[in-house]
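Structure first, commentary second.
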Amino acid sequence: MKKNLIILFAVLLAAALVGCGEKTPSATETEDLSAATESELEVASADYGGHTFNFLSAGYVTYNDFDFEEESSMPLPNAQYKRRRKVESDFGVTIKETLDNSYPTASVTAGPGYMSLITAYSAGDAEYDAALIAGYDVSGLAYVGALYDMASIDTLDLTNSWWDQNANASLTLKGVTFFTTGDITCSDNDAVNIVVFNKALQEQYGLENFYTAVENGTWTLDKFGTLSRQISEDLNQDSQMNKNDRFGLICWDDSICAIVSAAGQRCCIINDSGEMELTLYNESTLSALENYMQLVNDKTHTFVYKRVMSDATSIWMNNQGLFWTTRIDVVPKFRNMDSDFGILPYPKLTETQTEYYSCLAPWNSQFICVPAVQEDVDRTGVLLEALGYYGQQIVLPAYYDVNLIGQSSRDEESEAMLDIIFGNVVYDIGYIYRIGPYNKELIYMLRAGDTSFASRYDSLLGMAETSLKTINTAYSMAVADWQK
């Protein structure tokens, strides 16, 4: 059965990887943290006799959550160090984190996370207790049966507040949760799409209060476009608008995927049968794309920087943009920026839309998972629960209140914006599983300045439907294997 699942995955990934592994439930009795209250969990402990808890972090962007061996003067690394030492002390373990951000070669389409875990799984090797794996890799590992159903681990309770309930709901298929995220890692926050704005330019041009627009529900795509078109300056007066000038919008290629999410639309959802279903093509998606592409194609007011420069930080800090569509992980780079700035969620499509939605960037994403081959799965659950809890209690305040609010965004109003952003993160399985792949096609559309999505959608529809059929079949087999 497992060998068939891997063959199914090879159809999509073109990686001829087959193997088998046995799930090995714990033989060690441990304290059941999943039933504990937060106060009980805080004082829970166990002695695992010096076990080295091996944690793999692998992705195209690799996040370091545990590899801190000494105290730091920086708030976030210091909090992560304290969390690590607390868990090591309470449970008699040593946490070892292996970081791997190597890119696949031309002949290998799978990333480092997939290759490491599928190799261990095929050999029946419990090399890693847990892992933080790139979204594009962990999705493939899930439906070949190489991951443990986290919801079935007795010592792990995914309903606890330190696990992201949006992620759980979006990533659980047929009652099985092969990967998720939460306060155990900072990667879920770092990869979220945001809009930053320059307060000095906002004041200079006499523009309205953007925070108020968000709060009263008028922060829409139309308003975003209107405000962006208020600013255009040929700073060097050479009659050309380029990286040397000032724009209303500095545009990131991948922002087009986030615009779809912000409009309340999804590439794919999980339907009532527990299967992935394509939902991208609809009137709201088309309206959002048409509106946004009109702004993107206005080269007088919008600078699309990725084909010119890899990072827009330098021009942003030089006050050359009112808005920049980017991710949260770039914000700490602005500590030395002379002008103040603020953070906003992506705009809604219309005022009638009830929520602001913030898309997780799939390329930059990583998710927590548990390899299927385990030496002691109860111990793994206990330690993940503790790391998640202390992530919420120790690391999150440093990340949120001190690092972002205190040193970077510098104003309490952005704190309210972060509440909105983190409260409605979109984990689009269509992007994560690369259905189509429509996320890549949307980026190509932005680069080409194309205003029509219909033909691009149709050109990939057959491939998308084949992918969905293969993945849904593989998932059904993987779930059936877990329910034996």
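Hydrogens, waters and symmetry mates play no part in the numbers below; they use all other heavy atoms, side chains included.
Phe367 meets the ring pair (Phe, Tyr, Trp, His ring centres under 6.0 Å) test with Phe179; sequence neighbours excluded. Judged as a salt bridge (charged side-chain N to carboxylate O under 4.0 Å, His left out), and not counting sequence neighbours, the contacts of Arg456 are Glu441, Asp450.
Under the 4.0 Å criterion applied to side-chain N and carboxylate O atoms, Lys96 and Asp67 are not assigned as salt-bridge partners. Using a 4.0 Å cut-off between charged side-chain N and carboxylate O, Asp253 and Arg307 make a salt bridge. Between Glu88 and Arg84 a salt bridge is recorded (basic side-chain N to carboxylate O distance below 4.0 Å).
Looking at Trp363, its side chain never comes within 3.5 Å of a backbone N or O of Gly135 through a donor-acceptor pair. Between the side chain of Ser57 and the backbone N or O of Tyr63, at least one donor-acceptor pair lies under 3.5 Å. In this structure, Asn166 contributes its side chain and Gly423 its backbone to a donor-acceptor pair below 3.5 Å. Proximity of a side-chain donor or acceptor of Asn168 to a complementary backbone N or O of Leu158 within less than 3.5 Å is detected. A distance-only check finds a donor-acceptor pair linking the side chain of Gln353 to the backbone of Glu355 [under 3.5 Å]. Checking side-chain atoms of Asp329 against main-chain N and O of Ala191 turns up no donor-acceptor pair under 3.5 Å.
Looking only at atom types and distance, the side chain of Asp129 has a donor-acceptor partner in the side chain of His51 under 3.5 Å away. For the residue pair Gln366/Thr62, the side-chain donor-acceptor check at 3.5 Å is not satisfied. Donor-acceptor pairing under 3.5 Å is recorded for the side chains of Asp311 and Thr313. At a cut-off of 3.5 Å, with distance as the only test, no side-chain donor of Gln393 or Trp162 sits close to an acceptor on the other residue. Side-chain contact, Asp190 with Tyr399: a donor N or O sits under 3.5 Å from an acceptor N or O. One side chain, Tyr427 or Asp164, offers a donor N or O that lies under 3.5 Å from an acceptor on the other. There is no side-chain donor-acceptor pair under 3.5 Å between Trp163 and Gln392. Of the N and O atoms on the side chains of Ser358 and Asn193, not one donor lies less than 3.5 Å from an acceptor on the other residue.
Here CG of Leu132 is found 12.5 Å from OG1 of Thr98. Values are rounded to the nearest 0.5 Å. Interatomic distance, OG1 of Thr285 versus CD1 of Ile259, reported as 11.5 Å (0.5 Å rounding). Interatomic distance, Ile194 CD1 to Ile343 CD1, rounded to the nearest 0.5 Å: 4.5 Å. A distance of 6.5 Å separates OG1 in Thr172 from CD1 in Ile270, rounded to the nearest 0.5 Å. Atom-to-atom distance recorded for Gln80:CD and Cys186:SG is 5.0 Å, nearest 0.5 angstrom. In this structure, Cys359 SG and Tyr346 OH are separated by 8.5 Å, a value rounded to the nearest 0.5 Å.
Here the closest heavy-atom approach between residue Leu360 and residue Ser365 is recorded as CD2-CB, 3.5 Å. Between Cys267 and Leu278, the shortest heavy-atom contact is O-CD1, 3.3 Å. Between Tyr292 and Cys251, the shortest heavy-atom contact is OH-SG, 3.4 Å. Contact record, Ala130 with Pro371: CA-CD, 3.8 Å, taken as the closest heavy-atom pair. Scanning both residues, Tyr121 and Val144, for their nearest heavy atoms gives OH-O, 4.1 Å. Here the closest heavy-atom approach between residue Ser116 and residue Asp100 is recorded as OG-OD2, 4.4 Å.
Within the 4.5 Å cutoff, side-chain heavy atoms of Asp90 are placed close to those of Tyr390. Between Cys257 and Ile443, some side-chain heavy-atom pair lies under the 4.5 Å cut-off. Counting heavy atoms from C-beta on, the side chains of Asn54 and Glu127 never come closer than 4.5 Å. Proximity of Tyr148 to Val377: side-chain heavy atoms (C-beta onward) are separated by under 4.5 Å at one or more points. Residues Tyr433 and Ile471 form a side-chain contact, since some pair of their non-hydrogen atoms from C-beta on lies under 4.5 Å apart. Thr470 is not listed as a side-chain neighbour of Tyr143, based on a closest heavy-atom distance of 4.5 Å or more. At a threshold of 4.5 Å between non-hydrogen side-chain atoms, the residues Ile153 and Val370 count as touching. Counting heavy atoms from C-beta on, the side chains of Ile432 and Tyr136 never come closer than 4.5 Å.
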TODO: Apply side-chain contact (heavy atoms from CB on, under 4.5 Å) to the pair Thr177 and Leu171, showing each step before the final yes or no.
DONE: CA-CA 7 Å; Thr177 308; Leu171 304 173; 5.5 Å; no
- [ ] Any chance you could lay out the side-chain contact (heavy atoms from CB on, under 4.5 Å) test for Tyr444 and Ile256, step after step, and finish with the verdict?
- [x] CA-CA 10 Å; Tyr444 291 161; Ile256 191 169; over 6 Å; no
Task: Full working for side-chain contact (heavy atoms from CB on, under 4.5 Å) between Leu442 and Tyr457 - done: CA-CA 9 Å; Leu442 285 168; Tyr457 178 85; over 6 Å; no
Open item on the list: Walk me through whether Asp149 and Val479 qualify under side-chain contact (heavy atoms from CB on, under 4.5 Å).
Closed with: CA-CA 9 Å; Asp149 174 21; Val479 170; over 6 Å; no
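With ring centers used as reference points, Phe55 lies 6.0 Å or more from Tyr128. Annotation: Tyr305 is not in aromatic contact with Trp252 [ring centroid separation under 6.0 Å not met].
In Lys174, the NZ atom is crowded: over 12 heavy atoms of neighbouring residues, nucleotides or ligands sit closer than 6.0 Å.
Residue pairs satisfying the side chain to side chain donor-acceptor pair (under 3.5 Å) criterion with at least one member in residues 258-269, sequence neighbours excluded, are listed as follows: Gln265-Asn282.
Taking the six-membered ring where tryptophan is involved, the planes of Phe341 and Phe334 are perpendicular, since the angle between them exceeds 60° and thus also 30°.
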